[in-house]
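Read through the structure below, which is laid out as structure tokens, and then see the notes.
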Amino acid sequence: MRDLSELRKGIDDIDKNLVSLFEDRMALCEEVAEYKISNGRSVFDKERERQKIAEVSAMASNDFNREGIRELFEQLMSMSRKLQYKKLTERGAKGNLPFIAVDSLKKKDVRVVFQGVEGAYSEMALIKYFGEDTDRVNVETFRDAMHLIADGAADYGVLPIENSTAGIVSQNYDMLAEFENYIVGEVVVKIEHCLLGLPKSSLENIDTVYSHPQGLSQCARFLDAHRRMRQVEAENTAMAAQKVKEDNLFNQAAIASRHSAELYGLDILAENISLDDENFTRFIVVTNQRIFRKDAGKISISFLLPHERGALYRLIGHFIFNGLNMSKIESRPIPGRTWEYCFFVDFEGNLAESPVKNAIRGLREEAINLRILGNY
């Protein structure tokens, strides 16, 4: 048996050859890129890659090596494509990014829509982002809000997208992929749930509690300690507070914000009843205009994947190769298409930057139905 140091030296010698061969291959790939650019050819030739991988994997001597060769050449071809996308950007090819950069968003003399009634956390987010004097309109559902924005009846909308304890607002993710509306900003609001009742009511009298389902789940520990309280779901927390005010029953309470208590003239029977003191909701600011601020630093996209092995792995490679930091990835089932999913990705960057253009170009060619949801 050979000594370990001798074996390692043999591997080192082979690795030197591999590096040299890799650089020779990439030099040829550069020439391929120049040819494709000059002749208007697409970078991604899926059929050619399949044939090539089948040929080289068939040369392996056993099944283990066959799989290894397949994976190796998938990576080599992925690197080749990324080089070609980079060359396209260097040669001034802009790609299909019809977004207009603006210095700032218009916040005066605008109409902004939110879901719910006065006192909703969405309204609090709206005020935090646009200001107290903003012309605002409230609607019953998130879908109503998206329609108003898409139709131009509102300049902007403010919608919850995720909560730090309850997770994503799935229906709003789905509607981002459905509507031609775009994210231009975000705002984070701290959620401080209180139990609200009529003036002179007491905690001991309460047997029915209204709130949004997330409000109920986020206060599960408090509710578990008061099991006599029947839990009833409402469209949102402010609507729950409004109902308690209108019903005028001393046995009813709502889980809602301190702001809702002030707005509807209710007493705070118990405060800070959330499971987690650090409870935040992130809201997105949405418009029907394809615009982004010049200082924007976060991009949201959605896409579908071909139903084949390694598809997501290859697409994530575009972020790695271009030095882009992914901050979030979510998947949502596609209605009517069993076991197929739409992916949502947030990553750091600006649409005017070359690395972003490179990544978007590659994703657009290799994913299905890529959509830029916004740069903000």
Applying ring pair (Phe, Tyr, Trp, His ring centres under 6.0 Å) between Tyr173 and each of Phe142, Phe179, Phe344, report the one that passes.
-> Phe344
For Asp276 and Asn279, indicate whether the former's side chain and the latter's backbone hold a donor-acceptor pair under 3.5 Å.
-> no
Is it true that Lys128 and Glu132 make a salt bridge, defined as a side-chain N closer than 4.0 Å to a carboxylate O?
-> no
Per-pair distances, 0.1 Å, donor-acceptor, side chain in residues 331-339, under 3.5 Å, sequence neighbours excluded:
residue: Arg332; atom: NE; partner: Asp174; partner atom: OD1; Å: 2.9
residue: Arg332; atom: NH2; partner: Asp174; partner atom: OD2; Å: 2.9
residue: Arg337; atom: NE; partner: Glu340; partner atom: OE1; Å: 3.4
residue: Arg337; atom: NH2; partner: Glu340; partner atom: OE1; Å: 3.0

Assess whether atom CZ of Arg41 is packed by more than 12 heavy atoms of other residues, nucleotides or ligands within 6.0 Å.
-> no
What about Tyr182 and Phe99, are their ring centers closer than 6.0 Å?
-> yes
Would you call Lys106 and Asp155 a salt bridge, taking side-chain N to carboxylate O under 4.0 Å as the test?
-> no
Picking from His318, Arg314, Lys46, what satisfies side-chain hydrogen bond (donor to acceptor under 3.5 Å, both in side chains) with Glu366?
-> His318
Atom CG in Leu76, atom CZ in Arg81: separation rounded to 0.5 Å?
-> 11.0 Å
Is there a donor-acceptor pair under 3.5 Å between the side chain of Glu365 and the backbone N or O of Phe44?
-> yes
N/O donor-acceptor pair under 3.5 Å between Ser211 side chain and Ile255 backbone | yes
Can you check whether Thr165's main-chain N or O pairs, donor with acceptor, with Asn163's side chain at less than 3.5 Å?
-> yes
Exam field: side chain Lys107 to backbone Tyr129, donor-acceptor pair closer than 3.5 Å | yes
Atom CG in Asp267, atom CG in Leu195: separation rounded to 0.5 Å?
-> 11.0 Å
Is it true that a side-chain atom of Asn236 and a backbone atom of Ala238 form a donor plus acceptor pair closer than 3.5 Å?
-> yes
Donor-acceptor under 3.5 Å (Asn358 side chain, Asn322 main chain) = no
Taking Ser274 for the side chain and Asp277 for the main chain, is one N or O donor matched with an acceptor at less than 3.5 Å?
-> no
Should we count CZ of Phe280 as having more than 12 external heavy atoms under 6.0 Å?
-> yes
Less than 4.0 Å between a side-chain N and a carboxylate O, is that true for Lys9 and Asp13?
-> yes
Please walk me through it: do Arg221 and Asp224 pass salt bridge (Lys or Arg N to Asp or Glu O under 4.0 Å)?
-> CA-CA 5 Å; Arg221 185 180 297 130; Asp224 191 53; over 6 Å; no
Verdict with supporting geometry, Asp103 and Lys294, salt bridge (Lys or Arg N to Asp or Glu O under 4.0 Å) | CA-CA 6 Å; Asp103 292 320; Lys294 290 179 180 176; 3.1 Å; yes
Pair Arg143 + Glu178, salt bridge at N-O below 4.0 Å = yes
Give a yes or no answer on whether the side chain of Asn39 reaches the backbone of Tyr35 with a donor-acceptor pair at less than 3.5 Å.
-> yes
Backbone of Asn251 reached by a side-chain donor or acceptor of Asn205 within 3.5 Å | no
Charged N-O contact under 4.0 Å between Glu330 and Lys328 = yes
Identify whether the distance between the nearest side-chain nitrogen and carboxylate oxygen of Glu348 and Lys298 falls below 4.0 Å.
-> no
Has Asp133 got more than 12 heavy atoms of other residues, nucleotides or ligands less than 6.0 Å from its CG?
-> no
Should the pair Asp346-Arg282 be classified as a salt bridge under the 4.0 Å nitrogen-to-oxygen rule?
-> yes
Residues 110-122, side-chain donor-acceptor partners within the protein, below 3.5 Å, at least two apart:
residue: Arg111; atom: NH1; partner: Ala153; partner atom: O; Å: 3.0
residue: Gln115; atom: NE2; partner: Glu140; partner atom: O; Å: 3.0
residue: Tyr121; atom: OH; partner: Glu192; partner atom: O; Å: 3.3
residue: Tyr121; atom: OH; partner: His193; partner atom: ND1; Å: 3.4

Which residues satisfy the side-chain contact (heavy atoms from CB on, under 4.5 Å) test with Asn375, sequence neighbours excluded?
-> Phe292, Ala296, Ile299, Asn350, Leu351
